[in-house]
Protein chains: 2
Amino acid sequence: MPYLLLKDLPRYECLLEAAREFPDLDPSAAEAFLQLLRASDEAYGLNARNMAAHGISAGRFSVLMLLWRGDRTRCAAGPAAGDCGPRTPASLADACGVTRATMTGLIDTLERDGFVKREPDPADRRMMTVQLTPKAEEFLRRYLPTHFRITSAIMSVLSETERKTFVRLLVKVQQQAATLAAASRPAPS
Amino acid sequence: MPYLLLKDLPRYECLLEAAREFPDLDPSAAEAFLQLLRASDEAYGLNARNMAAHGISAGRFSVLMLLWRGDRTRCAAGPAAGDCGPRTPASLADACGVTRATMTGLIDTLERDGFVKREPDPADRRMMTVQLTPKAEEFLRRYLPTHFRITSAIMSVLSETERKTFVRLLVKVQQQAATLAAASRPAPS
DNA sequence: CGTTAGTAGTTAGCATCCTAACTATCAGCT
DNA sequence: AGCTGATAGTTAGGATGCTAACTACTAACG
């Protein structure tokens with residue numbers, strides 16, 4: 001449960017009081033921010049514990065899903081679509097949002113546990129290809145239903161209308177954060 | 001950026017398609033779940049990078065805030081309220097939602113960097129007390145304004161009405177996840 | 001008083017995460 | 001052909017997270 005944030009969020013009155021000392025503190029913004037992380041952490045943690053009970057972590061699950069989705073879209077798109085799925089460590093790292101060094105470690109343990117297989121790329125000897133093993137595909141078929149059930153159970157408290165509103169607000173917040181992140185790091189010119 | 005989730009979330013059509021194979025998959029629930037983690041990750045990451053630029057991590061920040069808040073509520077509540085602030089490693093671990101072992105490591109590095117001070121409890125020789133140093137208090141006074149500015153900037157895309165709705169939905173989701181988590185682990189009896 | 005159970009903190013070992021530096025390879029330019 | 005720069009992957013070392021086991025102490029019970 002990586003995020004590690006106060007389990008007991010400060011009460012709104014405390015935020016109001018602190019705002020007197022720090023003019024930059026916007027109480028309703030801080031409340032929304034803290035509650036966003038809190039809810040996300042709780043939902044994530046529930047899933048992470050289920051994954052752990054099945055012997056995988058969030059990082060490993062992401063990699064497996066990417067490889068699996070890559071396989072399927074390739075199949076669905078027909079043979080012409082060649083390699084649309086990300087299959088090199090670097091493309092997996094990009095898609096997961098981690099560094100290549102981290103992906104090396106993830107693939108190491110996945111390969112050790114028999115979920116993926118590394119093979120050198122014949123065309124470019126710098127590159128490797130990563131493939132799911134049958135064991136991993138069987139694992140996903142067994143695991144995914146429980147994963148989806150948990151997701152559904154968490155969101156079962158929201159009506160379809162509420163879910164639409166929820167997603168709309170989340171997208172707004174996410175895009176704003178992404179915009180701010182890009183603005184604060186204009187480096188990659 | 002711990003959470004590590006697909007940077008490109010699957011499109012809604014893909015979820016619909018996958019739902020044909022997995023009856024347990026509720027597309028709108030999955031979309032809301034993924035977007036929740038995605039938005040949270042983006043907002044968190046923005047803040048984490050700011051923290052890193054100031055030389056601290058989310059875990060360290062949580063500890064500092066808890067100790068600082070403990071000090072202030074103690075002051076605000078008057079001398080009678082004694083030690084309402086969590087000041088032992090175990091209480092800090094509880095409040096942060098990490099294990100005591102993790103808190104030991106956090107306090108180790110915080111103490112090494114001069115932000116906190118450990119002292120044995122005179123009454124119970126098993127216990128330690130953890131205190132902020134003046135250096136940490138000065139750091140917080142300097143850092144917090146930038147922290148609050150980032151939070152405000154992220155949420156500036158939501159109106160006050162939207163923030164209320166947002167928080168309401170987040171609380172619903174969080175409480176549901178907490179309920180499910182408690183139900184799936186009735187162990188601590 | 002002494003055994004026993006519980007609690008506080010630490011330690012050890014593992015899995016992820018990062019940055020920085022390194023090796024090997026490719027690709028372009030002279 | 002040969003240098004130069006970019007790219008793919010790995011390695012090394014640090015910081016956080018976890019569980020499990022350990023030490024030291026307190027408390028409770030007979």
Side-chain angles (χ1 to χ4, degrees), chain A residues 1-5 7 41 44-45 48-49 51-64 86-113 115-116 118-130 185 187-188, chain B residues 1-5 41 44-45 48-49 51-63 86-113 115-116 118-130 185 187-188:
Chain A
M1 268 119 311
Y3 265 14
L4 167 86
L5 253 144
K7 277 178 63 184
D41 192 51
Y44 172 84
R49 279 189 292 273
M51 289 182 191
H54 285 77
I56 59 168
S57 67
R60 299 172 68 144
F61 179 68
S62 295
V63 174
L64 294 181
R87 286 156 62 214
T88 70
S91 66
L92 288 171
D94 276 353
C96 282
V98 300
T99 63
R100 287 171 302 163
T102 298
M103 189 51 64
T104 294
L106 266 175
I107 296 174
D108 279 349
T109 66
L110 281 170
E111 190 169 32
R112 181 201 59 193
D113 295 350
F115 285 114
V116 304
R118 257 190 271 232
E119 274 178 17
D121 184 309
D124 187 336
R125 277 192 289 175
R126 289 172 303 180
M127 295 207 280
M128 304 289 289
T129 60
V130 183
R185 265 185 321 173
Chain B
M1 270 120 305
Y3 266 14
L4 167 86
L5 253 145
D41 192 50
Y44 172 83
R49 279 188 293 273
M51 288 182 193
H54 285 78
I56 59 167
S57 67
R60 298 171 68 145
F61 179 68
S62 294
V63 174
R87 285 156 61 213
T88 70
S91 67
L92 289 170
D94 277 352
C96 283
V98 301
T99 63
R100 285 172 303 163
T102 297
M103 189 50 64
T104 294
L106 266 175
I107 296 175
D108 279 349
T109 66
L110 281 170
E111 190 168 31
R112 181 202 60 193
D113 294 350
F115 286 114
V116 303
R118 257 191 271 234
E119 273 178 18
D121 183 311
D124 187 335
R125 278 192 289 175
R126 289 172 304 182
M127 296 207 283
M128 305 289 288
T129 59
V130 183
R185 264 186 322 174

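In what follows, every chain begins at residue 1, and chains take the letters A, B, ... in the order their sequences are listed. Just the heavy atoms: all of them, side chains too, but no hydrogens, waters or symmetry mates, feed the values below.
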When you compare the protein's N or O atoms with those of nucleotides 20-24 of chain D, which come within less than 3.5 Å of each other, and at what distance?
none

Whole-Å distance separating the [atom1] atom of [X] from the [atom2] atom of [N]:
| X | N | atom1 | atom2 | value |
| --- | --- | --- | --- | --- |
| B:M103 | D:dC18 | CE | P | 9 Å |
| B:L92 | D:dG17 | CG | P | 13 Å |
| A:D121 | D:dA8 | CG | P | 11 Å |
| A:I56 | D:dC18 | CD1 | C1' | 17 Å |
| B:R49 | C:dC17 | CZ | P | 16 Å |
| B:R118 | C:dA8 | CZ | P | 16 Å |
| B:L106 | C:dT10 | CG | C1' | 14 Å |
| B:D108 | D:dA15 | CG | C1' | 12 Å |

So, does [X] get its side chain near the phosphate of [N], meaning an N or O under 4.0 Å from OP1 or OP2?
| X | N | answer |
| --- | --- | --- |
| B:T102 | D:dG17 | no |
| B:S57 | D:dT16 | yes |
| A:T99 | C:dC17 | no |
| B:R87 | C:dA8 | no |
| A:T88 | D:dA8 | no |

For residues 121-129 of chain B, which side-chain N or O atoms pair as donor and acceptor with protein atoms under 3.5 Å away, sequence neighbours left out?
{"residue": "B:D121", "atom": "OD1", "partner": "B:A123", "partner atom": "N", "Å": "2.6"}
{"residue": "B:D121", "atom": "OD1", "partner": "B:D124", "partner atom": "N", "Å": "3.2"}
{"residue": "B:D124", "atom": "OD1", "partner": "B:R126", "partner atom": "N", "Å": "3.0"}
{"residue": "B:D124", "atom": "OD1", "partner": "B:R126", "partner atom": "NE", "Å": "3.2"}
{"residue": "B:D124", "atom": "OD2", "partner": "B:R126", "partner atom": "NE", "Å": "3.4"}
{"residue": "B:D124", "atom": "OD2", "partner": "B:R126", "partner atom": "NH2", "Å": "2.8"}
{"residue": "B:T129", "atom": "OG1", "partner": "B:E119", "partner atom": "O", "Å": "3.1"}

Heavy-atom closest contact ([X] atom, [Y] atom, distance):
| X | Y | value |
| --- | --- | --- |
| B:V98 | B:M103 | CG2-CE, 3.8 Å |
| A:A93 | A:T99 | CB-O, 3.8 Å |
| B:R87 | B:L92 | O-CD1, 4.5 Å |

Could you work out which one of [options] sits closest to the side chain of [X]?
| X | options | answer |
| --- | --- | --- |
| A:T104 | D:dA15, C:dC18, D:dG9 | D:dG9 |
| A:R60 | D:dT16, C:dT16, C:dC18 | C:dT16 |
| B:A90 | C:dT16, D:dT16, C:dG9 | C:dG9 |
| A:M128 | C:dT16, C:dT10, D:dG9 | D:dG9 |

Starting from the C-alpha separation in whole Å, work towards a yes-or-no answer on side chain to side chain contact (heavy atoms under 4.5 Å, CB included) for B:D113 and B:I56. CA-CA 10 Å; B:D113 294 350; B:I56 59 167; over 6 Å; no
Counting the atoms with a prime plus P, OP1 and OP2 as sugar-phosphate, which does B:D124 contact under 4.0 Å by heavy atoms, base, sugar-phosphate, or nothing? sugar-phosphate
As an exercise, state the distance from SG of A:C96 to CG of A:L106, rounded to the nearest 0.5 Å.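 Nearest 0.5 Å value for the SG-CG distance: 7.5 Å.
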Measure the CZ-CG distance between A:R100 and A:D94 for me, rounded to the nearest 0.5 Å.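 One gets 9.0 Å once the value is rounded to the nearest 0.5 Å.
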What residues, two or more places apart in sequence or in another chain, satisfy ring pair (Phe, Tyr, Trp, His ring centres under 6.0 Å) together with B:F115?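 If we apply the ring pair (Phe, Tyr, Trp, His ring centres under 6.0 Å) test to B:F115, skipping adjacent residues, the hits are B:F139.
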